[in-house]
Amino acid sequence: MCKHKKLLLLSGAIFAILSSIIAANLYMSNNPSTQNPQQAYKKQIIPWSYKKLGITKIWKFTRGKNVKIAILDSGIDLNHPDLKHANIIKTINFIEPNKPASDETGHGTFIAGIIAAQNNNFGIVGIAPDADEIFILKILNKKLEGKS
C-alpha cells in the first residue's frame, strides 16, 4: 500500500481519537469493572468505538508502521505497562525544560495509550501500536494549562 494512503488512513484513525476519548470517558464512568484500576489489567480490550469508527478495518492495512507521531499534551508515564514498550524516541518538557516530561495529570498518558498502547494481554490496544517513532512533548502543566 502506498505510503500516502497509509498516512491518510492513520490520520483518519487519529482524528477518531476525539470520539474515542468521549467514548472511553462514557465507558469508564458507566462500567463498574473499570472503577477498579486493577480490573482493567486482567485482560486486554479493544474499545467498542474502534469497530464503530472502522479502526479495526484500517488495521488490515496498517497499525502505524513507518509512521512518526508527536503527542503534545501533559507528558507521559513511561512506566505505564501499556506504553513501556512503545517506540517512544524522545520526550521534551517545554513547561520545565530541566525536568523530565512526567505526566502529573494522567491526560497525556491516556492520549498516548489511545494512540500507541501495545498489543499485549492487558489494558487497551492503541490505534497505532506499531508506530515507528513517538515523540512526547509536554506543553501542559498540572493544571492542563500551557505557557504563553
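Computation of the quantities below employed the complete heavy-atom set of this structure, encompassing side-chain atoms and omitting hydrogens, waters and symmetry-equivalent molecules.
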Donor-acceptor pairs under 3.5 angstrom involving side-chain atoms of residues 128-136: please list them, not counting sequence neighbours.
from : atom 1 : to  : atom 2 : distance (Å)
D132 : OD2    : N66 : N      : 2.8

Within the 4.5 Å heavy-atom criterion, are [X] and [Y] side-chain neighbours or not?
X: I115; Y: I69; value: yes
X: W59; Y: V125; value: yes
X: N119; Y: Q44; value: yes

| note | When every non-hydrogen atom of I114 is compared with those of Y50, the smallest separation belongs to O-OH, 3.4 Å
| task | Enumerate the residue pairs fulfilling side-chain hydrogen bond (donor to acceptor under 3.5 Å, both in side chains) with a member in residues 83-97, sequence neighbours excluded, ordered by first and then second residue. | result | E96-K99
| said: The criterion is side-chain hydrogen bond (donor to acceptor under 3.5 Å, both in side chains); which residues satisfy it with S74, sequence neighbours excluded? | reply: D103, T105
| message | Using the side-chain hydrogen bond (donor to acceptor under 3.5 Å, both in side chains) criterion, which residues pair with N120? Sequence neighbours excluded. | response | D82
| field | salt bridge (Lys or Arg N to Asp or Glu O under 4.0 Å) contacts touching residues 134-143 (sequence neighbours left out) | value | E104-K138
Do [X] and [Y] sit in the same hydrophobic cluster, where Ile, Leu, Val, Met, Phe, Trp and Tyr count as joined when their side-chain heavy atoms come under 4.5 Å apart?
X: I71; Y: I92; value: no
X: I55; Y: I45; value: yes
X: L53; Y: I46; value: yes
X: F94; Y: L140; value: yes
X: L72; Y: L144; value: yes

| query | Which ILVMFWY residues can you reach from I95 by hopping between side chains whose heavy atoms are under 4.5 Å apart? | reply | none
| How long is the gap from NZ on K60 to OG1 on T56, to the nearest 0.5 Å? | 7.5 Å
